[in-house]
Each structure stands twice: as C-alpha cells, then as structure tokens.
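Step one of this worksheet: look at the structure below.
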Amino acid sequence: MPPSTKRLNNGLSVTTKVFVRSRNGGATKIVREHYLRDDVACYSKLCDQCEYSLETTPVLSHVPFSTAKLTKHYLILDTNIVLNAIDLLEGSQALFDVIIPQTVLEEVRNRSYPIYTRLRGLSKADAKRLIVFHNEFCKNTFVARQKGETINDYNDRLIRKVGEYYNSHLSNYGVKVFLLTDDKDNLKKCKDEHILALSLREYLGQLPNSEDLLDTLPSAQDDLQVAEFKYAEYYSQSRLIAGVKSSVLFQGPMNVSSYDIFEGTINLPSIFPKPILVRGRQNMNRATNGDLVVVELLPKSQWVAPSNDIVDETTLGNADNEDNDLIISDQERRLLNKEARRAQMEDESKLQPSAKVVGVIRRRWRLFTGQLSPNTITTNTNALNSCLVTLSEKSMPAVRIKTRKANDLLNMRIVVAIDDWPGTSKHPEGHFVRTLGPIEDKDTEQEALLLEHDVEYRPFSKNVLDCLPKEGHEWIVPVDLSSDEQLKKRRDLRDKLVCSIDPPGCVDIDDALHARKLPNGNFEVGVHIADVTHFVKPATALDQEGASRSTSVYLVDKRIDMLPTLLGTDLCSLKPYVDRFSFSVIWELDEDANIINVDFMKSIIKSREAFSYQDAQDRIDDSSNNDELTQGMRSLLALSKKLKKKRMDAGALNLSSPEVKVHMDSETSDPGEVEIKKLLDTNSLVEEFMLLANISVARKIYDAFPQIAMLRRHAPPPSTNFEALNEMLHIRKGMTISVENSRALSDSLDRCVDKNDEYFNTLVRIMATRCMMAAEYFVSGNFSYQEFKHYGLAADIYTHFTSPIRRYCDVLAHRQLAAAIGYEPLHPIQRDKTKMDLIVKNMNRRHRNAQFAGRASIEYYVGQVIKNTESSQEGYIIKVFTNGIVVLVPNFGVESLIKLEDMGDESSGLFDEKEFKLSFNDKIGNKRELHVFDKVTVYMKSVLNEMTGKRKAVFLLK
Amino acid sequence: MELYSPEGLRVDGRRWNELRRFYCRINTHPIVADGSAYVEAGNTKIVCLLNGPHEPTRSQMNTQKGSLDIKLHVSPFSTTERRKVTRNDRRIQELSTILKNTFEQVVILKNYPRTIIEVNVRVLAQDGGLLAACCNAITLALVDAGIALYDYISAVSAGVFDNQILLDLNRLEEQDLSSVTIGVVGKTKKLSLVLSETRLPQDRLAKVFEVAVNGCHQLKDQMDAQVAKKGREKAITEELKTNWVQ
C-alpha cells in the first residue's frame, strides 16, 4: 500500500518514507516523515514563477549553451555520469547549466564521499552554474516507491521525473532539459516515456570540441577485450565481512614496497607483531598502495622471505608462478593463524607469514601524474590508441588509458585517473584528465609534484578572500584601545624591546622574542606569536580553507600558503617598526632557566628589528654593541644554551637527515649549487624558546580542555624498527644502538663513532632517523597521559603553537589557549571531539605530504644541479641487495641504487645475507667485495628516466 | 544525508523554522479517565490519561495543596528496535521529575488540598522531541479534566547546526545536533521548562530561545483551536441532551 499523503497548510504536505534496514542480521523497519513542498525553486533565471528567499538567487543562465545540433539546453546528470566524469564536470570545457537532482547527490554521497564533496564544491562556485534540485522534497517531482521496486529502479524513476518536470516547467521559455545517463535501461525508459535523454558520449559527440572531451572519459564498459590476463576473483562481500569477523581473514591497509610493486605488507599490530607479507602479482591480486584490503594467509609451505631483489615496472614482464588451488577449511586456517603468530615471535628464519589478497574494501585512488610509455603506442594515426601510462609514484603499477592523442601526449607530463581494475586486465584501467606540460619543464614538474602530494595550490576562492579585513593592507592596530570589549582585554606590550630572528628573506614572521633582567636577578622572557586567530574566525570559509590546507608547503623556489598572502605576510606577520596583534607567553626564568612563573596573554607589540640568523649572530658577537636590545638578545642566547643542555640531559635526540639547500642563480633562476645546511647558535636560540612556549601552552590547554586539547606526540620507536640497523652495526662495526628510552638511544648514538671517518656518526644518525616513528597531531582525549610523550624532544607533553601562519594546529592551539585564559569562548565546532578528530586526521596527512613535497622539490633541483656538474663523489653504502646496492652521497644528500649488472658480471654476484656483503667480478674481471657502510667513490651523473620522465641521479661505482 | 543542505532544506524536507505536523485530540478516553489527550508531533505519538483530583493514600496527603503525580511509560515498540524500558530507568525517572516540576508551576494546586492528580503518559512512538510532546499532551489532558491552570504550557525543541538554528528536531537531527527543549507559559515569553542534554554554545542561546518561543506560540494556537473545537462540540451535545430530556 502506498503511504498516504496528508495536506498541511501553506503548500506543505507530509507523507512517510518507509524502508527496511538490516542490522546485525535482523531487519528493522524505519518510518520517517517526508515533507513535500511547492516552493522548491527551479533556479533558472528565465523562470518567473519560482520564488527565492533572501539568500538564494537563480543560477542557471538566461542564455543556455547551444550548438548547431543542439538547441538551448540545461542538463540533468545521472549518478553514473557524476561518478565517472567528475573531472570533466570540474573542468571548464563542457557541461554548463547543470541540474543535480537530490536523488543523485545522495547516491553519489553513498558511493564516494570525496566525489560528493567535489560536487558540493561545484554547487558553491559560480563558474559551472551547477545547482542541486531537491526533487524528493518537491511536490511536483516526488513519486512514491512502488511495491517490489528496487531502490535503483526507484531512483531512476525519480530522476526521470525531474527531467519531465523541468521540461514542462520551462516549456514556455524555449529551453530544453536533457537528462544525461549512461544507464542503458534508464535511457530506454526515457525513450518510452518521451523524456529527452542522451548518453554522455552522444551528448559530447555533438559538441564542437568532442574529440578532446571524449578522450577524457573513462573507457566504456561494454568494450570487449581479449582477456590478456586472469586474476583470481575477489570473495563476495558477505564472505569477506564474515571472514574478518571470525578472524579467518584479515583487513588492513596495503603498504606497497617502493622497491617492488608486487611486494606489499599489511601491518596489524594488534594481531601479528610483524607485518604480513604479500608477494607476487597473483597474490597482490590488483591491490595498490594504500588500498584497504582483506587478505587470507597462505599455507606455510608457500611462505616467503621479503625479497632482496629490486623489481619495478622496467624489469617486469616475466611470468608469475601458477596459483595452486589449495582448499583449506576454516578450522585449519585458525591453526595456521596461531602458527603464523608463533612463527613471528620465535622463528629466527627470514620466512614471513605470507598472504594473498582476497578482497579490496576501499581503493585509495586519486589523480596521478605520469607519462606515456613510448613503446606502448602502436599506431601513428589519430585512431583510438590503448597505451600505458607510467605513474610518478613508484609503488603504483602502470595504468592503461585509451586516447586518440597519444602522439601529442608523448613527452608530456599528464594527469590520469584510475577507474577500475578488472580481473582480466594486467593493468588498471584509467582515463586521461589533462596535460600539465612538457616533461622537465620547471613549472610542469612543480605542478606535478604538488598534484602528486595532494597539495592544494589553486588560488584562494572569492569566498575565502571575502573573510579578510576590508581595509586590506591599510589595516592597522586601532589607536583607541578602550573602544572595544575584546580590545580592552589585550595587554599593551609596545614598550618591550621585541625583535624577531628568522631565515634571511623571511616574510611570514610568526614569532618574536624579548628578554629583560628583572630587579630580583631573574629574567623576564617573552615569546610573541602572530595573532592569526584575530583574523581567522572559526567556522568561516577562511578557517575551513586553512583547515583543509593545514600547512604551508615550502618548495625550493615557491611557497604555497595556508592563508592568503595579505594575512601571512602583512597583517599577521610580526613585521618590525609597526604595531601588531600578538599572542604572548611571558615567563619569569631564574639564572638556570627554570620556570618560576608563566603567563599567557593576547597583546599588542611593536617589533624593533627583524634579524636574520646571521645578523643576530653578528650583533651578539659584536662586543662593542651594548644597547638594551643586544643585551636582551645575549640573555636570550645564554638562557637558550641552558635550556638546550637541560633538554639534552633529559634525553632529547639529536637526529640527522641529509638536508641540503639549493642556491638559485638570481638572474636565470637556474639552480646553481648545493650546500649542506649549517646551523648557527641563533638558530637554536629561537628553537629553544619556541619549544619552551609550545610545552607551556600544551600544559595550559590540556589543563583547560582535557578531552579536546590539540597536542602533538612522538611515539617511541618499536625496537623491531632498529633490528636491521643494529644487526648491520653489530656485524660490520661491533657497535649497538639501545632503544629502551630516548636517553639510552641518544647516548648510544653518541658512541657510534668511527675514528677514521668523521661522517660515520652522522650516517648512523640519518639511518636511525629513518627507523623512528613519525610525530603526529592528536586530540588529548584519544590517548592516556603517558602516551602524550614526545620521544624526540623528551617532553612529556607538546603541541604546536608558535607558527600559526603556516600550520593549522597552531591556530587551533591559539583558540584553545584564548578560551583557557578567558579571552573568548571556544566555538562549538571545536568542542566537538568527532569533528576535531577529522581535522587532526587531515592535518597529519597534509603535514606528511607537505614534507614529502618539499623533499621531492629539493630532489628535483639537486637532479638539475647534477645534470650540470657531473663529478666523482664520495658515498656510503647503506643497503645491500642480491642484485644491487644503495649508495648515499652526503654532499648532495641524494641516494641511488646501483644495479649489479652496471657494476660487473651479473652471474658472478654472490650475496652474503649474514655479512651484508655482495661479492662479484667487476667489468675488468677483478674480484670485488662490497659491505654495508663501506665508503666508495662513485661517478655521479643525472639521467632522464625514459619510463617515468623523472631525472634521477645515477651513480657509477669506481 | 545532509542534515541541512546549502539550499536550506532539512533531512525531512522542512525549512529551518517549520514545525513538524502537529495533531492533537482531547477527551479521547472519556470513560477510563477524567481527562485525556492524544498528541502526534511528526511521528512521536503520546497518549495521556489523567485521573483526579481524588483522595490519595494517607502517606501522599498534603493538607496545604494538592499533589501532582506524573508517570511516564515508554512502550517497548516505540523505537525502531524493540526495547524494554523499565519504569526504574534513570532517564525515564528524570523526565518524569522534570515534567512534575514544570507542571507544579502552572497547575493551581492550592485549589486542591488533600487530593492527588495522577497523570499517566504513555509513549506510543518516538521520533524526537519526546519531552516536548509529553508536555503538550499533559497540558491538554489537564484542560480536558477541567483542572485550574494559570495558562497552557506548550513545548518544543530546537537545535543548532553550525550556525543555523533548526526548530522541532526529529530523531535523526536530535542524534547529531546539540539541542534544547523549552516550555513556554501561554503566549508569554516566560519559560517554565528548559532542558538541554547536550552542550550548546552560550552565545547562540538567546537566538535559539527566540525561535523556539515562536514555535511554542504556534503550538499553543493549534492546541487552543482543538480545545475550542471540542468545547463547541460538547456544548452542542449538552444542548441536544437537555432538549431531549425536556
């Protein structure tokens, strides 16, 4: 029986929506009210019947798009179109004046949340004139679900009804409304019901630039292919769920090795102490890096050791071993699980419990950059060409795309999206999205790099810029401080001798310092941080943009800001000689830098000078200079040294990474030379006080908000991480690293010294750093106090507070601190722990990506430098494989692989796993032995990789 | 599902300031109770039966004024998943006490010394706004029983979604948003009931109250209309009866 509809007053009627939901095996009937209204607007500028409230205005254009073949028209998109052609929808080439029925929006949301957010983003921007029409709430377009009708059929019917409604609603204005759908069934029904409908291909085919557009579409599903390959089929959804529940199957994110795309590990720390290994094309079964997969353990006889080989796309192509079909019962499987666990605990052999992928729960496919592999292009004509794209990301397989422009795309860096990976195809299938530019072009590479690391680099939208102060650069601190309640709460600190110390050329000055000797012999030390939250109010578009970017990204010659430049480099930046709002932490420190007292306040400061590290150092060292500011800086330096000593005594780590800096030629902006970063005393001066401020603030906000304080932790590394390094050190050098606590680690690292080699200690530090866990942001409610510890800094609690211009965590910490000192209450969104959890998750991801992007940028430029200066360099062997070695060259901070075949006779290679030794006959026939940690001389040059289009340092052993 | 879409529609198709369908009847059980009422607010359905004022057991006797006893029963079938709710459930007890405190302010109890007024509220279906619906049902039952009141109490819930205030939350919204239930005396702005079980930002509170009070007044009008209608019907039947007897 269809639900009855009751009419209420003022054009509103109500009906019920009934559906059955299964939960825990049982079925529940859910009845919801559903209101139907007659005031849902059509959003067409042509229509004069619909009414709009104050905030909304019609969007769809007066003069809709038309071509020779098509009259003026609007478009309604079906779910399959949105899901498959979201890139096309976001582009500016086609699909304007689009109506998205609510039904479609909901379906998209259920299928893919990221695409949903992109779609919603489009509906906010004006460029594409895209609207959401709430058809299910509109009296004229709602239809009740019929008995026995599947939800898909029902949704299709709802969408068709929208087409029917719009065409009759706008019939007087000479506009046609086309329903675009790729669902054959739906198309047919449209034809039967005389509703204008087209498939996307038919529609695009009638546009003038159809050739280009059709290329960017995912390949049609009905394309018949010869099965070139056969992967095992995934288990059914229900089998996967049941299996995971009963611990027969295991679910986790796939972690693909960057050396071998067919070797992945799955970390399940709660079940297995060590990761489970998945090896081989068949066992990987179409899983790619980052996917959430379900695996099944293999029988013990098929367990393997992690490979000591290097496999990438270039070396592939050989047949994989056949998959032998063994049938194992669940009972046996459980025994096997136990065995696997025991094996990991006890067994010293290198064999690891191995598994095969039996299902993929969620793909982590985004847009990828890559280039066409030239050898896969078959024809020279403009016919449809099926070719492979090698992705820049090493842990991803090549993607097959179909394009007519293969020859134009050659030697171009392109963006592709992966659509599907059918079991019959050796490679995942994708489609071309757009071209970035020629390979090795500086701008192209930069954009590719940003895309690859998912960095949002587009300019800020108007929405966001509207949140900035109206005065723009003219904004100044109000003269009359008593004019405003909030302003009255600020402390006027303009009399303090504040200065800032930053890298040369820094424009976004986050922090400034001052120090003064108090009459009682103690010191008053103040750290002043740019008051970003005065301008970035919670829940504004600006705030949301900041939260989604989460961090500024620093590339060698470009900075991608988290906040608009006006704020970052002017209004917030603590520039010298002008009044600025700041958030101050003021301590009273005694002679030995112990905290006597700490106070937090919003304030107004006036920086006296902006120093670079070198300037500050010079000023402090200049003994003739004895003005008050210099005196203050000297006290700061003296105190900072004491702070540092205390921190080191507590076990803070002094780790190392091969950081280098690229000098740019100022005229040609070509990279000139590479320099290893050096540190001055003043660097650590600023650093120490920032650490101190962060720790003090962390304590304060944790006190005030024990559940939602924004903190940062650094977990101690599990000792297993150090096993390999320790073994190498032990066997090769007779040294060990102990990892019980940070103190022990710090001390043992200090002991790792080779008298003959100064650099050896740094090398060990670099390698130890790679064994560490990554520090992460977290919300205090998610961990117990003991777990807050920051291992690297040896602090029991820590947060980020001192760089709000370039990190979002600091913005949150500012708001929490402001609430903690009673300056202004915390916005409800930030009291909501679940929302905070989401923000934190995003922050951690963005932060990591930003780091990787920065490193990749340096790597690219180092490659450019090497291209110009081929030379012999000293390097260290840091890893030995059966068929190659990895060498690190400290002078350039680059490491690269040298394959055995390039060093000598491949067949003579002998790999000694226990001794980390590779012996072989070199090209001349001399016997050579290479060990890990050996110092070698290599000839370094840079070679453009034909497959990936990336310039890589290539070493030749001398 | 979007709780509040950028186009300004809520999950069930209402706009932010729209009440759900409100339906009420009084004198539904004239035989078993002295006063009775049935209220539907959307899919929340309440029956309220009132007995009294009558003589209580000795222990409940108050010589100064009448006592009010409100019992809340939640039917096991009232939620989507069948669940037995005992009378000793802490939440139920708390709600009963809140209702009692609320109505002690408007019932002129000093008119009924040495008596008790027993109110039994039965929840047939829940879809958000439980407390508000109970309040409205009790008001109507009190009116039906002819018990002296200073004025009606009409109640409604309101919540906050980001910066948007939403009136009369249904179950879906209630689960995800912070909300407050208020009861208003008559058509004034006097609040006899304020209950929030979630955190609500202080600076939004004034706005939320304004919207909710407005909603309460709308409900009061609808309840009034029902009472008046019932009154007219009763007047006619009374007239018929007297004419018939004569």
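By convention in this document, chain letters (A, B, ...) are assigned in the order of the sequence lines, proteins followed by strands, and residues within each chain are numbered from 1.
- Of the two parts of F137(A), only the side chain, counted from C-beta on, holds a non-hydrogen atom closer than 4.5 Å to a non-hydrogen atom of chain B.
- In terms of non-hydrogen atom pairs under 4.5 Å with chain B, the most contact-rich of K29(A), R120(A), E106(A) is R120(A).
- Taking 4.0 Å as the cut-off between side-chain N and carboxylate O, D221(B) and K187(B) count as a salt-bridged pair.
- Expressed to the nearest 0.5 Å, how far CG of L158(A) lies from CD of Q102(A) amounts to 9.0 Å.
- At a 4.5 Å heavy-atom cutoff, the contact between R20(B) and chain A is made by backbone and side-chain atoms alike.
- Options N170(B), D203(B), L172(B) differ in how many heavy-atom pairs under 4.5 Å they form with chain A, and the most are formed by L172(B).
- With a 4.5 angstrom heavy-atom cutoff, E33(A) touches chain B via backbone and side-chain atoms both.
- Distance OG/S548(A) to CD1/I839(A): 10.5 Å, rounded to 0.5 Å.
- Only the side chain of L105(A) comes within contact range of chain B, with at least one heavy atom under 4.5 Å from a heavy atom of that chain.
- Residues H217(B) and G186(B) approach most closely at CD2-O, 3.8 Å, considering heavy atoms.
- Interface residue R109(A): only side-chain heavy atoms are found under 4.5 Å from chain B.
- Residue Y116(A) touches chain B through its side chain alone, counting heavy-atom pairs closer than 4.5 Å.
- When ring centroids are compared, H34(A) and F142(A) come within the 6.0 Å threshold.
- At a threshold of 4.0 Å, the pair K207(B)-E210(B) does not count as salt-bridged, since none of the basic side-chain nitrogens sits closer than that to a carboxylate oxygen.
- Contact count versus chain A (heavy atoms, under 4.5 Å) is highest, among R14(B), R204(B), R10(B), Q202(B), for R14(B).
- Between D543(A) and R815(A) there is a salt bridge, with a side-chain nitrogen of the basic residue lying less than 4.0 Å from a carboxylate oxygen of the acidic one.
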